[in-house]
Number of protein chains: 2
Amino acid sequence: MPTPETTTDVPQDFEALKAVILERKAQLPKRLKQVAAYSLDNPDEIAFGTAASIATSADVQPSTLVRFAQHFGFEGFSSLQQIFRARLRERTPGYEERLKALRSNDHSKLESGSIFNGFVAAAHRSLDNIATSVDPQAFERAVDILAKADTIYLIAKRRSYPISSYMAYAFGKLKVKYQHVGTAAGIDDDMLAMATKQDAAFAVSFSPYASESASQARLLASRKVPVVSLTDSAFSPLAESSKVWFELVEADHAGFRSLSASMAFAMALTVAIAEKRRRTEDAATR
Amino acid sequence: MPTPETTTDVPQDFEALKAVILERKAQLPKRLKQVAAYSLDNPDEIAFGTAASIATSADVQPSTLVRFAQHFGFEGFSSLQQIFRARLRERTPGYEERLKALRSNDHSKLESGSIFNGFVAAAHRSLDNIATSVDPQAFERAVDILAKADTIYLIAKRRSYPISSYMAYAFGKLKVKYQHVGTAAGIDDDMLAMATKQDAAFAVSFSPYASESASQARLLASRKVPVVSLTDSAFSPLAESSKVWFELVEADHAGFRSLSASMAFAMALTVAIAEKRRRTEDAATR
DNA sequence: AATGGGATAGAACGAACGTTCCATTTTCCC
DNA sequence: GGGAAAATGGAACGTTCGTTCTATCCCATT
């Protein structure tokens with residue numbers, strides 16, 4: 001038994017509990033450590049879920065939850081759960097203004113805080129715009145084109161490069177064949193020479209446009225490889241080479257443009273392509 | 001029975017429910033009016049309590065609560081309770097409105113549209129979280145450490161790689177000396193071997209953690225190179241090697257986690273570092 | 001390789017839950 | 001003031017909950 005002792009050293013609020021869990025995390029047995037990690041990462045789930053549902057979610061047995069609670073001096077899982085509920089209760093009053101006040105007070109007192117806030121705000125603005133600026137039918141067409149492709153060529157340089165590198169990672173996980181153009185210098189052209197009209201390309205470029213991206217897109221287009229592109233202006237050199245293109249203007253803070261909307265777009269596109277492929281394959285093999 | 005009707009006009013969120021209750025309050029029978037008043041005055045109690053405890057508290061019978069819920073089109077008390085719980089879960093301001101705006105755009109009509117909307121919503125949620133989960137003082141300390149460094153080593157693999165590759169790009173533009181660890185295999189260790197305690201490192205890793213990132217961070221820490229890290233759990237292997245670390249849980253759509261918050265964080269950090277350096281240099285040469 | 005102690009999985013249990021049902025009371029219209 | 005309809009209280013139901021208990025597993029130590 002883990003020392004019943006006095007009830008005084010049982011954590012009475014969430015912060016205290018968190019501290020104790022972190023302090024003892026290293027010495028915890030495997031399953032209990034698993035619960036510890038889950039509980040701090042998904043506190044809301046603990047607050048609302050039932051022991052059974054949480055156990056499933058955290059991939060342990062319900063009894064493990066009870067043992068976990070008892071390890072920290074609680075009578076059972078239920079009393080531990082109260083701590084997580086209290087945490088949500090106490091944060092309620094006037095959240096709209098309160099959060100706003102908290103943000104501006106907390107962060108802007110320190111110099112770097114305003115920079116931080118600025119970027120979060122810029123990202124929000126970008127995302128607010130994205131829904132209206134992206135035409136859903138064009139999106140559908142883009143998914144169509146790329147889902148049909150044998151290999152997808154990803155073209156992005158400089159500031160756009162993180163976007164294509166995320167897509168490369170995700171495509172790899174999703175088993176979608178791709179070629180990441182623009183990693184090593186020199187071999188790009190050889191890589192592109194292999195593209196046929198059975199393939200397709202996705203190009204990203206924001207002003208000031210990398211001339212390489214534009215010329216690579218043009219090269220592919222001239223060889224009948226369908227190109228889908230993401231850019232920030234109708235005047236982008238990418239637009240003329242593309243079968244479908246999207247105009248997406250990112251908001252900026254102090255001149256540094258956000259990437260959040262582009263990133264969300266890229267994720268959606270990536271998953272939509274994989275999704276469509278799976279559906280098509282299902283239909284074919286049935 | 002109080003009109004089974006279609007399920008479409010059953011309130012789906014707290015605001016809608018509140019409106020409906022207030023609208024029909026006057027015509028409600030005595031006991032139901034009592035419940036109506038109680039539920040709007042003590043929404044937290046409804047969220048967490050049991051039917052029995054709430055009934056006692058509101059001085060009615062448990063069955064009255066069920067009848068009350070059914071009067072407003074819910075199947076039973078439990079489904080009404082979900083609305084009150086959701087309210088606490090989604091404590092972020094403006095979130096509901098944003099989602100509503102998203103829902104009403106024409107994306108939802110097309111198949112890929114829901115994927116698109118899902119990722120935008122996930123990005124919003126991530127950003128809403130970031131302001132509260134990042135401690136401004138820790139951020140300030142992180143900026144301090146990295147601004148003082150001679151060379152900044154960027155460590156990130158796989159899903160986190162786009163983040164460090166953005167920072168690499170931005171550092172280049174801002175003339176901040178950096179080394180991007182993890183690009184080419186093999187030379188990483190040689191690169192890290194050159195790091196001294198005059199330098200610093202920024203590591204990013206989300207679960208499932210890339211073991212390389214963790215071991216590289218550990219290596220640097222053991223050689224007194226200060227490490228700042230961005231991760232998603234207090235249990236991350238990065239945490240123990242880091243002087244300052246940030247916990248940032250990205251929201252996900254269909255299991256694909258957003259990168260928007262991490263990206264915004266990375267941008268803010270990057271710019272704040274450059275900003276701080278410029279200020280320090282100004283002060284020195286003056 | 002054997003042993004001992006702690007940790008775990010899973011079945012079993014009693015308590016508490018939300019809901020339903022029906023007798024009783026209240027309300028409102030004729 | 002009588003009667004029907006609506007509203008209410010409270011008991012009973014089946015379900016699901018958190019917890020307990022025990023056989024088994026794992027791992028460290030010898």
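- One can place CG of Leu65(B) at 16 Å from P of dA7(D), the figure rounded to the nearest angstrom.
- No side-chain donor from either of Ser213(B) and Ser205(B) sits under 3.5 Å from a side-chain acceptor of the other.
- Applying the ring-ring contact (aromatic ring centres under 6.0 Å, His included) test to Phe119(B) and every residue at least two apart in sequence or in another chain returns His253(B).
- The aromatic rings of Phe48(B) and Phe48(A) lie parallel to each other, their planes meeting at an angle below 30°, with 60° marking the opposite boundary.
- For Phe256(B), the ring-ring contact (aromatic ring centres under 6.0 Å, His included) test picks out no residue, with sequence neighbours left out.
- Residue pairs meeting the ring-ring contact (aromatic ring centres under 6.0 Å, His included) criterion with at least one member in residues 17-44 of chain A, sequence neighbours excluded, do not occur.
- Atom CZ in Phe77(B) sits about 17 Å away from atom C1' in dT15(D), given to the nearest Å.
- Helical stems of DNA chain D (runs of at least 3 Watson-Crick or G-U pairs, donor-acceptor distances under 3.5 Å) are listed by first residue: C:1-30 with D:1-30.
- Put simply, Gln70(A) has no side-chain N or O that comes within less than 4.0 Å of OP1 or OP2 on dT19(D).
- Rounded to a whole Å, the CG atom of Leu80(A) is 12 Å from the P atom of dG18(D).
- With rounding to whole Å, Lys33(B) atom NZ is found 15 Å from dT8(D) atom C1'.
- Protein atom CD1 of Ile46(A) is 15 Å distant from nucleotide atom P of dC17(D), rounded to whole Å.
- Side-chain contact, Lys157(B) with Gln216(B): a donor N or O sits under 3.5 Å from an acceptor N or O.
- Counting only distance, with no hydrogens or angles, the side chain of Ser57(B) and the backbone of Ile54(B) share no donor-acceptor pair below 3.5 Å.
- With sequence neighbours excluded, the residues forming a ring-ring contact (aromatic ring centres under 6.0 Å, His included) with Phe84(A) are Phe14(A), listed by chain and number.
- Residue Phe74(A) contributes atom CZ, which lies 20 Å from atom C1' of dT20(D) at whole-angstrom precision.
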Is there any protein nitrogen or oxygen under 3.5 Å from a nitrogen or oxygen in nucleotides 7-13 of chain C, and what are the pairs?
unit_1: dT8(C); atom_1: OP1; unit_2: Arg31(A); atom_2: N; d: 2.7
unit_1: dT8(C); atom_1: OP2; unit_2: Arg67(A); atom_2: NH1; d: 2.8
unit_1: dA9(C); atom_1: OP1; unit_2: Arg31(A); atom_2: NH1; d: 2.2
unit_1: dG10(C); atom_1: OP2; unit_2: Gln61(A); atom_2: NE2; d: 2.6
unit_1: dG10(C); atom_1: O6; unit_2: Ser63(A); atom_2: OG; d: 3.2

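- Rounded to a whole Å, the CZ atom of Phe68(B) is 16 Å from the P atom of dG18(C).
- Annotation: cation-pi pair Arg159(B)/Tyr166(A) absent, no NZ/CZ under 6.0 Å from the ring centroid and within 45° of its normal.
- Distance Phe48(A) CZ to dG18(D) C1': 19 Å, rounded to the nearest Å.
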